[in-house]
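Worksheet for the structure shown next.
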2 protein chains.
Amino acid sequence: MPDEQVMSVVRRLSSRHPLTHGDVDALCDIPYVTRTHDASAYLVREGEPSRDVCSFVLSGLALGQKSTSAGARQIISIHMAGDFLDTQHLFLERADHNVQALTRLETIDFSRRALKRVLLERPGIVQAMWIDALIDASICREWIVNVGARRGISRVAHLLCELAVRFERAGLIRDGVFEVPLTQEQIGDAVGLTPVHVNRSLKLLAAEGLIQRDRRKVSLSSWTRLREVADFSALYLHETTAPAE
Amino acid sequence: MPDEQVMSVVRRLSSRHPLTHGDVDALCDIPYVTRTHDASAYLVREGEPSRDVCSFVLSGLALGQKSTSAGARQIISIHMAGDFLDTQHLFLERADHNVQALTRLETIDFSRRALKRVLLERPGIVQAMWIDALIDASICREWIVNVGARRGISRVAHLLCELAVRFERAGLIRDGVFEVPLTQEQIGDAVGLTPVHVNRSLKLLAAEGLIQRDRRKVSLSSWTRLREVADFSALYLHETTAPAE
DNA sequence: TGCGGGGGCTAACTAATGTTAATGTGAGGC
DNA sequence: GCCTCACATTAACATTAGTTAGCCCCCGCA
(Lines give C-alpha, C1' and ligand atoms only; values in the text may rest on other atoms or scores of the structure.)
Protein backbone atom coordinates (compact mmCIF):
# COMPACT_ATOMS: atom_id res chain seq x y z
CA MET A 1 0.00 0.00 0.00
CA PRO A 2 1.60 3.28 -1.11
CA ASP A 3 2.00 5.86 1.60
CA GLU A 4 0.49 9.28 1.41
CA GLN A 5 3.74 11.10 0.72
CA VAL A 6 4.56 9.13 -2.40
CA MET A 7 0.94 9.52 -3.49
CA SER A 8 1.43 13.29 -3.71
CA VAL A 9 4.23 12.60 -6.19
CA VAL A 10 1.93 10.29 -8.10
CA ARG A 11 -0.75 12.97 -8.19
CA ARG A 12 1.68 15.51 -9.53
CA LEU A 13 2.95 13.23 -12.27
CA SER A 14 -0.56 12.08 -13.16
CA SER A 15 -1.53 15.69 -13.68
CA ARG A 16 1.18 15.87 -16.32
CA HIS A 17 0.53 12.56 -18.07
CA PRO A 18 -1.70 9.58 -17.27
CA LEU A 19 0.07 6.81 -15.35
CA THR A 20 -0.79 3.11 -15.40
CA HIS A 21 -1.08 1.00 -12.27
CA GLY A 22 2.25 -0.49 -13.21
CA ASP A 23 3.75 3.00 -13.35
CA VAL A 24 2.41 3.81 -9.92
CA ASP A 25 3.69 0.55 -8.46
CA ALA A 26 7.10 1.19 -9.98
CA LEU A 27 7.20 4.67 -8.44
CA CYS A 28 6.28 3.24 -5.07
CA ASP A 29 9.14 0.77 -5.28
CA ILE A 30 11.77 3.48 -5.60
CA PRO A 31 13.79 3.83 -2.40
CA TYR A 32 13.34 7.19 -0.73
CA VAL A 33 13.69 9.04 2.52
CA THR A 34 11.93 12.13 3.77
CA ARG A 35 14.06 14.99 5.00
CA THR A 36 13.65 18.33 6.66
CA HIS A 37 15.91 21.24 5.81
CA ASP A 38 16.27 24.37 7.88
CA ALA A 39 15.47 27.71 6.33
CA SER A 40 18.32 28.97 4.14
CA ALA A 41 20.05 25.57 3.94
CA TYR A 42 21.65 24.80 0.60
CA LEU A 43 20.45 21.64 -1.13
CA VAL A 44 22.42 22.02 -4.36
CA ARG A 45 25.50 24.10 -5.08
CA GLU A 46 26.45 25.45 -8.47
CA GLY A 47 29.47 23.71 -9.94
CA GLU A 48 29.25 20.61 -7.80
CA PRO A 49 28.36 17.16 -9.14
CA SER A 50 24.62 16.52 -9.24
CA ARG A 51 23.22 14.96 -6.09
CA ASP A 52 22.44 11.27 -5.99
CA VAL A 53 18.88 12.04 -4.94
CA CYS A 54 15.95 13.70 -6.66
CA SER A 55 13.76 15.72 -4.30
CA PHE A 56 10.08 16.50 -4.30
CA VAL A 57 8.73 19.26 -2.06
CA LEU A 58 6.15 18.27 0.53
CA SER A 59 6.01 21.61 2.30
CA GLY A 60 7.90 24.87 2.46
CA LEU A 61 9.51 26.92 -0.29
CA ALA A 62 12.83 26.62 -2.07
CA LEU A 63 14.67 28.93 -4.44
CA GLY A 64 16.90 28.34 -7.42
CA GLN A 65 19.56 31.03 -7.76
CA LYS A 66 22.87 31.99 -9.30
CA SER A 67 25.33 34.75 -8.44
CA THR A 68 27.40 37.09 -10.56
CA SER A 69 31.03 37.87 -9.89
CA ALA A 70 29.93 41.40 -8.99
CA GLY A 71 28.08 39.91 -6.04
CA ALA A 72 24.55 40.27 -7.36
CA ARG A 73 22.24 37.36 -6.82
CA GLN A 74 19.56 36.32 -9.31
CA ILE A 75 16.73 34.07 -8.24
CA ILE A 76 15.76 31.91 -11.19
CA SER A 77 13.02 29.69 -9.83
CA ILE A 78 10.67 29.22 -6.90
CA HIS A 79 9.60 25.77 -5.82
CA MET A 80 6.64 24.99 -3.59
CA ALA A 81 4.72 21.97 -2.27
CA GLY A 82 4.12 19.62 -5.17
CA ASP A 83 7.15 20.65 -7.23
CA PHE A 84 10.25 18.65 -8.00
CA LEU A 85 13.54 20.30 -7.15
CA ASP A 86 15.98 18.44 -9.35
CA THR A 87 14.36 17.78 -12.67
CA GLN A 88 16.71 20.31 -14.23
CA HIS A 89 19.75 18.34 -13.12
CA LEU A 90 18.33 14.84 -13.48
CA PHE A 91 20.48 13.95 -16.47
CA LEU A 92 23.26 16.50 -16.09
CA GLU A 93 26.50 15.72 -14.34
CA ARG A 94 27.11 19.05 -12.71
CA ALA A 95 24.78 21.57 -11.12
CA ASP A 96 24.58 24.91 -12.93
CA HIS A 97 22.73 26.74 -10.14
CA ASN A 98 22.15 26.67 -6.40
CA VAL A 99 19.02 25.40 -4.72
CA GLN A 100 18.33 26.79 -1.29
CA ALA A 101 15.54 26.33 1.22
CA LEU A 102 13.70 29.60 1.73
CA THR A 103 11.66 28.36 4.68
CA ARG A 104 11.80 25.16 6.64
CA LEU A 105 11.44 22.58 3.90
CA GLU A 106 10.18 19.01 3.89
CA THR A 107 11.17 16.87 0.93
CA ILE A 108 10.93 13.33 -0.33
CA ASP A 109 14.36 12.33 -1.60
CA PHE A 110 14.26 9.56 -4.16
CA SER A 111 17.31 7.62 -5.17
CA ARG A 112 18.30 9.32 -8.40
CA ARG A 113 19.79 6.17 -9.87
CA ALA A 114 16.66 4.14 -9.15
CA LEU A 115 14.40 6.90 -10.42
CA LYS A 116 16.33 7.09 -13.68
CA ARG A 117 16.14 3.34 -14.10
CA VAL A 118 12.38 3.34 -13.60
CA LEU A 119 11.97 6.33 -15.91
CA LEU A 120 13.81 4.68 -18.75
CA GLU A 121 11.72 1.55 -18.49
CA ARG A 122 8.35 3.28 -18.36
CA PRO A 123 7.15 5.53 -21.17
CA GLY A 124 4.33 6.97 -19.06
CA ILE A 125 6.64 8.13 -16.32
CA VAL A 126 9.18 9.50 -18.78
CA GLN A 127 6.51 11.63 -20.36
CA ALA A 128 5.06 12.85 -17.09
CA MET A 129 8.44 13.79 -15.69
CA TRP A 130 9.69 15.29 -18.92
CA ILE A 131 6.56 17.41 -19.23
CA ASP A 132 7.15 18.59 -15.70
CA ALA A 133 10.68 19.63 -16.60
CA LEU A 134 9.48 21.34 -19.78
CA ILE A 135 7.00 23.41 -17.81
CA ASP A 136 9.79 24.50 -15.48
CA ALA A 137 11.67 25.61 -18.56
CA SER A 138 8.64 27.46 -19.87
CA ILE A 139 8.43 29.39 -16.62
CA CYS A 140 12.09 30.17 -17.02
CA ARG A 141 11.42 31.67 -20.46
CA GLU A 142 8.67 33.85 -19.08
CA TRP A 143 11.06 35.07 -16.39
CA ILE A 144 13.49 36.17 -19.07
CA VAL A 145 10.70 38.23 -20.58
CA ASN A 146 9.73 39.59 -17.19
CA VAL A 147 13.18 40.70 -16.27
CA GLY A 148 14.26 41.76 -19.74
CA ALA A 149 11.25 43.45 -21.24
CA ARG A 150 9.01 44.86 -18.51
CA ARG A 151 9.43 47.86 -16.29
CA GLY A 152 9.83 47.58 -12.57
CA ILE A 153 6.27 47.74 -11.40
CA SER A 154 5.11 45.19 -13.96
CA ARG A 155 7.84 42.80 -12.93
CA VAL A 156 6.73 42.86 -9.34
CA ALA A 157 3.08 42.54 -10.33
CA HIS A 158 3.91 39.62 -12.63
CA LEU A 159 5.69 37.76 -9.86
CA LEU A 160 2.66 38.24 -7.61
CA CYS A 161 0.35 36.93 -10.34
CA GLU A 162 2.47 33.86 -10.88
CA LEU A 163 2.69 33.14 -7.18
CA ALA A 164 -1.06 33.60 -6.80
CA VAL A 165 -1.82 31.07 -9.52
CA ARG A 166 0.75 28.56 -8.37
CA PHE A 167 -0.07 28.92 -4.67
CA GLU A 168 -3.73 28.48 -5.51
CA ARG A 169 -2.93 25.24 -7.28
CA ALA A 170 -0.79 24.12 -4.34
CA GLY A 171 -3.58 24.91 -1.88
CA LEU A 172 -1.62 27.65 -0.14
CA ILE A 173 -4.26 30.38 -0.40
CA ARG A 174 -6.89 30.93 2.30
CA ASP A 175 -9.71 33.41 1.75
CA GLY A 176 -7.84 35.12 -1.06
CA VAL A 177 -4.91 35.90 1.18
CA PHE A 178 -1.49 34.38 0.73
CA GLU A 179 1.87 34.89 2.30
CA VAL A 180 4.86 35.78 0.20
CA PRO A 181 7.66 34.53 2.40
CA LEU A 182 10.26 36.54 0.50
CA THR A 183 11.89 39.66 1.85
CA GLN A 184 11.66 42.66 -0.42
CA GLU A 185 15.33 42.16 -1.13
CA GLN A 186 14.61 38.62 -2.33
CA ILE A 187 11.73 39.81 -4.47
CA GLY A 188 14.21 42.21 -5.98
CA ASP A 189 16.65 39.39 -6.64
CA ALA A 190 13.89 37.53 -8.45
CA VAL A 191 12.79 40.38 -10.69
CA GLY A 192 16.06 42.25 -11.15
CA LEU A 193 15.36 45.30 -8.98
CA THR A 194 16.81 46.77 -5.81
CA PRO A 195 14.89 46.35 -2.55
CA VAL A 196 14.20 50.09 -2.49
CA HIS A 197 12.55 49.92 -5.88
CA VAL A 198 10.56 46.83 -4.92
CA ASN A 199 9.27 48.77 -1.97
CA ARG A 200 8.28 51.69 -4.19
CA SER A 201 6.52 49.31 -6.57
CA LEU A 202 4.60 47.46 -3.89
CA LYS A 203 3.53 50.73 -2.36
CA LEU A 204 2.32 51.91 -5.73
CA LEU A 205 0.39 48.71 -6.42
CA ALA A 206 -1.30 49.08 -3.05
CA ALA A 207 -2.00 52.79 -3.60
CA GLU A 208 -3.61 52.00 -6.95
CA GLY A 209 -5.87 49.51 -5.19
CA LEU A 210 -4.54 46.44 -6.99
CA ILE A 211 -3.35 44.63 -3.90
CA GLN A 212 -3.65 44.85 -0.14
CA ARG A 213 -0.74 44.16 2.14
CA ASP A 214 -0.21 43.46 5.77
CA ARG A 215 3.42 42.66 6.40
CA ARG A 216 4.10 39.76 4.04
CA LYS A 217 0.48 38.76 3.63
CA VAL A 218 -0.94 39.80 0.30
CA SER A 219 -4.42 39.74 -1.15
CA LEU A 220 -5.29 40.73 -4.67
CA SER A 221 -7.96 43.42 -4.69
CA SER A 222 -8.34 43.55 -8.44
CA TRP A 223 -7.09 40.50 -10.28
CA THR A 224 -8.15 41.97 -13.61
CA ARG A 225 -6.25 45.19 -13.23
CA LEU A 226 -3.26 43.48 -11.66
CA ARG A 227 -3.03 41.09 -14.61
CA GLU A 228 -3.17 44.08 -16.88
CA VAL A 229 -0.33 45.90 -15.16
CA ALA A 230 1.63 42.65 -14.94
CA ASP A 231 0.97 41.70 -18.58
CA PHE A 232 0.19 38.28 -17.15
CA SER A 233 -1.20 35.35 -19.08
CA ALA A 234 -1.17 31.91 -17.49
CA LEU A 235 -0.49 30.18 -20.81
CA TYR A 236 3.15 29.64 -19.95
CA LEU A 237 2.23 27.61 -16.86
CA HIS A 238 0.69 24.97 -19.14
CA GLU A 239 -1.95 24.07 -16.59
CA THR A 240 -4.17 21.48 -18.18
CA THR A 241 -6.95 22.11 -15.67
CA ALA A 242 -7.72 25.80 -16.05
CA PRO A 243 -7.50 27.67 -12.73
CA ALA A 244 -10.49 29.68 -11.56
CA GLU A 245 -10.52 33.24 -12.86
CA MET B 1 22.75 3.56 -45.44
CA PRO B 2 21.90 6.68 -43.46
CA ASP B 3 22.22 9.93 -45.33
CA GLU B 4 24.51 12.72 -44.25
CA GLN B 5 21.75 14.99 -42.97
CA VAL B 6 20.39 12.51 -40.50
CA MET B 7 23.95 11.72 -39.46
CA SER B 8 24.37 15.28 -38.19
CA VAL B 9 21.41 14.63 -35.90
CA VAL B 10 23.03 11.39 -34.78
CA ARG B 11 26.27 13.21 -34.06
CA ARG B 12 24.48 15.79 -31.97
CA LEU B 13 22.61 13.23 -29.93
CA SER B 14 25.71 11.06 -29.50
CA SER B 15 27.50 14.05 -28.04
CA ARG B 16 24.81 14.16 -25.36
CA HIS B 17 24.60 10.44 -24.62
CA PRO B 18 26.06 7.33 -26.29
CA LEU B 19 23.74 5.72 -28.84
CA THR B 20 23.67 2.07 -29.83
CA HIS B 21 23.55 0.88 -33.42
CA GLY B 22 19.92 0.05 -32.81
CA ASP B 23 19.29 3.62 -31.67
CA VAL B 24 20.92 4.98 -34.80
CA ASP B 25 18.93 2.66 -37.04
CA ALA B 26 15.73 3.68 -35.28
CA LEU B 27 16.53 7.35 -35.80
CA CYS B 28 17.19 6.73 -39.48
CA ASP B 29 13.82 5.08 -39.86
CA ILE B 30 11.92 8.14 -38.70
CA PRO B 31 10.14 9.82 -41.62
CA TYR B 32 11.45 13.30 -42.31
CA VAL B 33 11.68 16.00 -44.94
CA THR B 34 14.19 18.79 -45.33
CA ARG B 35 12.85 22.31 -45.65
CA THR B 36 14.14 25.78 -46.33
CA HIS B 37 12.62 28.80 -44.62
CA ASP B 38 13.10 32.36 -45.74
CA ALA B 39 14.65 34.85 -43.36
CA SER B 40 12.12 36.11 -40.81
CA ALA B 41 9.61 33.33 -41.51
CA TYR B 42 7.73 32.08 -38.45
CA LEU B 43 8.06 28.38 -37.70
CA VAL B 44 6.14 28.34 -34.42
CA ARG B 45 3.65 30.82 -33.05
CA GLU B 46 2.92 31.39 -29.38
CA GLY B 47 -0.46 30.11 -28.33
CA GLU B 48 -0.93 27.75 -31.26
CA PRO B 49 -0.95 23.97 -30.95
CA SER B 50 2.51 22.42 -31.17
CA ARG B 51 3.59 21.49 -34.67
CA ASP B 52 3.45 17.90 -35.82
CA VAL B 53 7.13 18.01 -36.73
CA CYS B 54 10.30 18.38 -34.73
CA SER B 55 13.00 20.37 -36.52
CA PHE B 56 16.77 20.20 -36.43
CA VAL B 57 18.81 23.06 -37.87
CA LEU B 58 21.17 22.20 -40.73
CA SER B 59 22.19 25.76 -41.50
CA GLY B 60 21.17 29.29 -40.68
CA LEU B 61 19.99 30.84 -37.43
CA ALA B 62 16.63 30.88 -35.69
CA LEU B 63 15.34 32.84 -32.71
CA GLY B 64 12.92 32.02 -29.93
CA GLN B 65 10.99 35.08 -28.77
CA LYS B 66 7.98 36.38 -26.91
CA SER B 67 6.30 39.79 -26.90
CA THR B 68 4.80 41.89 -24.15
CA SER B 69 1.51 43.70 -24.44
CA ALA B 70 3.47 46.95 -24.40
CA GLY B 71 4.99 45.92 -27.70
CA ALA B 72 8.46 45.01 -26.45
CA ARG B 73 10.02 41.88 -27.84
CA GLN B 74 12.26 39.59 -25.83
CA ILE B 75 14.48 37.09 -27.58
CA ILE B 76 14.77 34.04 -25.36
CA SER B 77 16.94 31.67 -27.37
CA ILE B 78 19.19 31.46 -30.39
CA HIS B 79 19.43 28.27 -32.42
CA MET B 80 22.18 27.45 -34.89
CA ALA B 81 23.35 24.54 -37.05
CA GLY B 82 23.27 21.41 -34.94
CA ASP B 83 20.51 22.55 -32.58
CA PHE B 84 16.99 21.23 -32.28
CA LEU B 85 14.23 23.79 -32.52
CA ASP B 86 11.33 22.05 -30.85
CA THR B 87 12.64 20.15 -27.88
CA GLN B 88 10.92 22.64 -25.60
CA HIS B 89 7.53 21.87 -27.11
CA LEU B 90 8.04 18.17 -27.78
CA PHE B 91 5.65 17.05 -25.06
CA LEU B 92 3.58 20.21 -24.63
CA GLU B 93 0.31 20.76 -26.41
CA ARG B 94 0.58 24.44 -27.04
CA ALA B 95 3.51 26.66 -27.95
CA ASP B 96 4.46 29.22 -25.32
CA HIS B 97 6.79 31.22 -27.55
CA ASN B 98 7.48 32.04 -31.18
CA VAL B 99 10.24 30.54 -33.25
CA GLN B 100 11.37 32.60 -36.19
CA ALA B 101 14.06 32.19 -38.83
CA LEU B 102 16.66 34.91 -38.48
CA THR B 103 18.44 34.07 -41.71
CA ARG B 104 17.60 31.67 -44.48
CA LEU B 105 17.22 28.44 -42.58
CA GLU B 106 17.57 24.80 -43.59
CA THR B 107 15.96 22.24 -41.32
CA ILE B 108 15.29 18.55 -41.09
CA ASP B 109 11.69 18.11 -40.04
CA PHE B 110 11.03 14.79 -38.33
CA SER B 111 7.57 13.46 -37.78
CA ARG B 112 6.91 14.39 -34.17
CA ARG B 113 4.65 11.42 -33.60
CA ALA B 114 7.22 8.96 -34.95
CA LEU B 115 10.02 10.65 -33.04
CA LYS B 116 8.09 10.40 -29.79
CA ARG B 117 7.35 6.75 -30.41
CA VAL B 118 11.02 5.97 -31.03
CA LEU B 119 12.06 8.02 -28.00
CA LEU B 120 9.77 6.16 -25.66
CA GLU B 121 11.05 2.80 -26.86
CA ARG B 122 14.74 3.62 -26.62
CA PRO B 123 16.35 4.66 -23.35
CA GLY B 124 19.51 5.89 -25.07
CA ILE B 125 17.64 8.27 -27.30
CA VAL B 126 15.43 9.51 -24.47
CA GLN B 127 18.48 10.40 -22.46
CA ALA B 128 20.30 12.07 -25.32
CA MET B 129 17.31 14.15 -26.29
CA TRP B 130 16.34 14.97 -22.73
CA ILE B 131 19.87 16.10 -21.96
CA ASP B 132 19.71 18.32 -25.00
CA ALA B 133 16.51 19.90 -23.71
CA LEU B 134 17.97 20.33 -20.24
CA ILE B 135 20.95 22.18 -21.64
CA ASP B 136 18.59 24.51 -23.49
CA ALA B 137 16.94 25.16 -20.16
CA SER B 138 20.29 25.79 -18.49
CA ILE B 139 21.08 28.41 -21.11
CA CYS B 140 17.71 29.92 -20.36
CA ARG B 141 18.60 30.23 -16.68
CA GLU B 142 21.86 31.95 -17.50
CA TRP B 143 19.93 34.39 -19.67
CA ILE B 144 17.75 35.30 -16.70
CA VAL B 145 20.91 36.11 -14.79
CA ASN B 146 22.30 38.05 -17.70
CA VAL B 147 19.27 40.19 -18.17
CA GLY B 148 18.36 40.49 -14.51
CA ALA B 149 21.65 40.91 -12.70
CA ARG B 150 24.27 42.41 -15.01
CA ARG B 151 24.71 45.91 -16.30
CA GLY B 152 24.36 46.77 -19.96
CA ILE B 153 27.89 46.35 -21.16
CA SER B 154 28.29 42.98 -19.44
CA ARG B 155 25.09 41.73 -20.98
CA VAL B 156 26.30 42.49 -24.46
CA ALA B 157 29.71 41.01 -23.72
CA HIS B 158 28.12 37.89 -22.29
CA LEU B 159 26.04 37.36 -25.39
CA LEU B 160 29.16 37.67 -27.52
CA CYS B 161 30.97 35.14 -25.35
CA GLU B 162 28.15 32.66 -25.60
CA LEU B 163 27.89 33.07 -29.34
CA ALA B 164 31.66 32.66 -29.70
CA VAL B 165 31.67 29.36 -27.81
CA ARG B 166 28.61 27.98 -29.52
CA PHE B 167 29.62 29.15 -32.99
CA GLU B 168 33.02 27.59 -32.44
CA ARG B 169 31.39 24.30 -31.62
CA ALA B 170 29.14 24.59 -34.67
CA GLY B 171 32.13 25.31 -36.91
CA LEU B 172 30.97 28.81 -37.77
CA ILE B 173 34.18 30.63 -36.85
CA ARG B 174 36.95 31.23 -39.39
CA ASP B 175 40.28 32.70 -38.27
CA GLY B 176 38.81 33.98 -35.05
CA VAL B 177 36.22 36.04 -36.88
CA PHE B 178 32.52 35.34 -36.74
CA GLU B 179 29.44 37.06 -38.00
CA VAL B 180 26.70 38.05 -35.62
CA PRO B 181 23.74 38.17 -37.96
CA LEU B 182 21.66 40.16 -35.50
CA THR B 183 20.89 43.83 -35.88
CA GLN B 184 21.78 45.95 -32.89
CA GLU B 185 18.08 46.19 -32.21
CA GLN B 186 17.86 42.40 -32.07
CA ILE B 187 20.87 42.22 -29.78
CA GLY B 188 19.01 44.65 -27.58
CA ASP B 189 15.92 42.45 -27.65
CA ALA B 190 18.07 39.54 -26.50
CA VAL B 191 19.76 41.31 -23.60
CA GLY B 192 17.04 43.74 -22.55
CA LEU B 193 18.56 46.99 -23.81
CA THR B 194 17.63 49.58 -26.41
CA PRO B 195 19.49 49.58 -29.72
CA VAL B 196 21.08 52.90 -28.78
CA HIS B 197 22.54 51.43 -25.65
CA VAL B 198 23.73 48.32 -27.48
CA ASN B 199 25.57 50.63 -29.83
CA ARG B 200 27.15 52.47 -26.93
CA SER B 201 28.20 49.19 -25.35
CA LEU B 202 29.69 47.71 -28.51
CA LYS B 203 31.58 50.90 -29.13
CA LEU B 204 32.93 50.81 -25.61
CA LEU B 205 33.99 47.16 -25.88
CA ALA B 206 35.83 48.01 -29.07
CA ALA B 207 37.40 51.13 -27.55
CA GLU B 208 38.66 49.08 -24.62
CA GLY B 209 40.28 46.70 -27.07
CA LEU B 210 38.18 43.69 -26.13
CA ILE B 211 36.68 43.14 -29.55
CA GLN B 212 37.14 44.32 -33.12
CA ARG B 213 34.22 45.01 -35.35
CA ASP B 214 33.64 45.47 -39.02
CA ARG B 215 29.97 45.78 -39.69
CA ARG B 216 28.53 42.59 -38.20
CA LYS B 217 31.79 40.68 -38.25
CA VAL B 218 33.30 40.39 -34.82
CA SER B 219 36.62 39.11 -33.57
CA LEU B 220 37.58 38.83 -29.95
CA SER B 221 40.83 40.67 -29.30
CA SER B 222 41.10 39.65 -25.67
CA TRP B 223 39.09 36.63 -24.70
CA THR B 224 40.34 36.82 -21.13
CA ARG B 225 39.31 40.40 -20.55
CA LEU B 226 36.05 39.97 -22.42
CA ARG B 227 35.13 36.99 -20.24
CA GLU B 228 35.93 39.11 -17.24
CA VAL B 229 33.69 41.98 -18.29
CA ALA B 230 30.99 39.51 -19.31
CA ASP B 231 31.27 37.47 -16.10
CA PHE B 232 31.24 34.48 -18.44
CA SER B 233 31.81 30.90 -17.43
CA ALA B 234 30.96 28.15 -19.90
CA LEU B 235 29.77 25.81 -17.17
CA TYR B 236 26.14 26.44 -18.02
CA LEU B 237 26.62 25.17 -21.56
CA HIS B 238 27.39 21.71 -20.17
CA GLU B 239 29.83 20.92 -22.96
CA THR B 240 31.30 17.53 -22.22
CA THR B 241 34.20 18.10 -24.60
CA ALA B 242 35.84 21.24 -23.27
CA PRO B 243 36.18 23.93 -25.95
CA ALA B 244 39.58 25.43 -26.66
CA GLU B 245 40.41 28.35 -24.39
C1' DT C 1 11.84 44.61 30.23
C1' DG C 2 15.44 46.06 27.77
C1' DC C 3 18.34 45.18 23.86
C1' DG C 4 19.80 43.93 19.29
C1' DG C 5 19.08 42.95 14.65
C1' DG C 6 16.80 42.27 10.48
C1' DG C 7 13.69 43.92 7.53
C1' DG C 8 10.52 47.65 6.04
C1' DC C 9 10.09 52.46 4.78
C1' DT C 10 11.47 56.96 3.09
C1' DA C 11 14.13 60.76 1.25
C1' DA C 12 17.80 62.95 -1.43
C1' DC C 13 20.85 62.32 -4.63
C1' DT C 14 23.34 59.76 -8.52
C1' DA C 15 24.02 56.88 -12.31
C1' DA C 16 22.44 53.94 -15.87
C1' DT C 17 19.57 53.40 -19.44
C1' DG C 18 15.70 54.97 -22.40
C1' DT C 19 13.81 58.40 -25.82
C1' DT C 20 13.80 61.16 -29.66
C1' DA C 21 15.63 62.70 -33.47
C1' DA C 22 18.94 63.80 -36.92
C1' DT C 23 22.75 62.17 -39.83
C1' DG C 24 25.69 58.80 -41.92
C1' DT C 25 26.54 54.65 -44.71
C1' DG C 26 26.54 50.49 -47.20
C1' DA C 27 23.89 46.95 -50.05
C1' DG C 28 20.59 45.71 -53.27
C1' DG C 29 17.13 47.00 -56.92
C1' DC C 30 16.18 49.09 -61.24
C1' DG D 1 25.22 54.20 -61.41
C1' DC D 2 21.78 56.24 -58.75
C1' DC D 3 17.92 55.58 -55.29
C1' DT D 4 16.13 53.85 -51.57
C1' DC D 5 15.85 51.61 -47.36
C1' DA D 6 17.29 49.53 -43.40
C1' DC D 7 20.59 49.78 -40.13
C1' DA D 8 24.36 52.13 -37.55
C1' DT D 9 25.84 56.10 -35.21
C1' DT D 10 25.64 60.13 -32.43
C1' DA D 11 23.93 63.83 -29.48
C1' DA D 12 20.79 66.04 -26.17
C1' DC D 13 17.61 65.24 -23.09
C1' DA D 14 14.18 62.48 -20.08
C1' DT D 15 13.20 58.88 -17.02
C1' DT D 16 13.83 54.93 -14.46
C1' DA D 17 16.08 52.65 -11.26
C1' DG D 18 20.24 52.41 -8.15
C1' DT D 19 22.79 54.22 -4.02
C1' DT D 20 23.34 55.77 0.40
C1' DA D 21 21.73 56.62 4.57
C1' DG D 22 18.73 57.16 8.44
C1' DC D 23 14.74 55.92 11.05
C1' DC D 24 11.26 52.85 12.59
C1' DC D 25 9.05 48.82 14.03
C1' DC D 26 8.51 44.28 15.23
C1' DC D 27 10.23 40.13 17.17
C1' DG D 28 13.20 37.09 19.46
C1' DC D 29 16.18 36.71 23.23
C1' DA D 30 18.76 37.62 27.52
Side-chain angles (χ1 to χ4, degrees), chain A residues 38-40 61 63 68 70-75 102-104 146-160 179-208 211-218 229 231, chain B residues 38-40 61 63 68 70-75 102-104 146-160 179-208 211-218 229 231:
Chain A
D38 289 332
S40 81
L61 284 197
L63 300 177
T68 69
R73 182 175 67 159
Q74 178 66 44
I75 293 173
L102 174 63
T103 63
R104 171 167 279 262
N146 200 38
V147 152
R150 297 197 183 99
R151 45 182 32 184
I153 194 167
S154 299
R155 296 186 205 177
V156 174
H158 195 278
L159 179 64
L160 291 178
E179 179 160 1
V180 180
L182 297 160
T183 65
Q184 294 183 359
E185 184 170 13
Q186 288 166 330
I187 294 175
D189 288 341
V191 300
L193 296 170
T194 56
V196 173
H197 205 72
V198 170
N199 186 281
R200 289 196 268 251
S201 303
L202 286 172
K203 204 174 44 164
L204 200 53
L205 289 172
E208 296 281 335
I211 63 173
Q212 283 182 304
R213 290 192 304 146
D214 175 27
R215 303 189 49 71
R216 294 188 194 168
K217 304 251 191 252
V218 174
V229 169
D231 184 33
Chain B
D38 289 332
S40 82
L61 284 197
L63 300 176
T68 69
R73 181 176 67 160
Q74 179 66 44
I75 293 173
L102 174 63
T103 63
R104 170 168 280 262
N146 200 38
V147 153
R150 298 199 182 98
R151 46 184 31 186
I153 193 165
S154 299
R155 296 186 205 177
V156 174
H158 194 279
L159 180 64
L160 291 177
E179 179 160 1
V180 180
L182 296 160
T183 65
Q184 294 183 1
E185 183 170 15
Q186 288 166 331
I187 294 174
D189 288 343
V191 300
L193 296 171
T194 56
V196 173
H197 206 70
V198 170
N199 188 280
R200 288 196 267 251
S201 302
L202 286 172
K203 203 173 46 164
L204 200 53
L205 289 173
E208 296 282 335
I211 63 172
Q212 284 182 302
R213 290 192 303 148
D214 175 28
R215 303 191 48 71
R216 294 189 195 168
K217 303 253 193 252
V218 175
V229 170
D231 183 33

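A, B, ... follow the sequence lines: proteins, then strands. Residue 1 opens every chain. Reckoned from all heavy atoms, side chains included, excluding hydrogens, waters and symmetry mates.
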From C:dG8, C:dG18, C:dT19, nucleotide with atom closest to A:N199 side chain: C:dG8
Nearest-nucleotide pick for A:R151, side chain only, options being C:dA11, D:dT16, C:dT19: D:dT16
Short side-chain N/O contact from A:K203 to OP1 or OP2 of C:dT10, under 4.0 Å: yes
Euclidean distance, atom CZ of residue A:R216 to atom C1' of D:dC25 [Å, nearest integer]: 14 Å
Among A:Q74, A:R73, A:Q184, side chain to side chain donor-acceptor pair (under 3.5 Å) partner for A:D189: A:R73
Given B:V198, B:L202, B:L204, the one that forms side chain to side chain contact (heavy atoms under 4.5 Å, CB included) with B:I153: B:L204
Sugar-phosphate only, base, or nothing, as touched by B:R215 at under 4.0 Å among non-hydrogen atoms: sugar-phosphate
Touch class at under 4.0 angstrom, heavy-atom based, for A:R213 against every strand present: sugar-phosphate
Neighbours of DNA chain C within residues 182-192 of chain A, by heavy-atom distance under 4.0 Å: A:T183, A:Q184
Earlier contact from the 5' end, DNA chain C, for A:R200 and B:R155: A:R200
Heavy-atom donor-acceptor pair, B:E208 side chain to B:L205 backbone, under 3.5 Å: no
Five-pair end axes of the helix from C:dT1-D:dA30 to C:dC30-D:dG1 and the angle they enclose, rounded to 10°: 40°
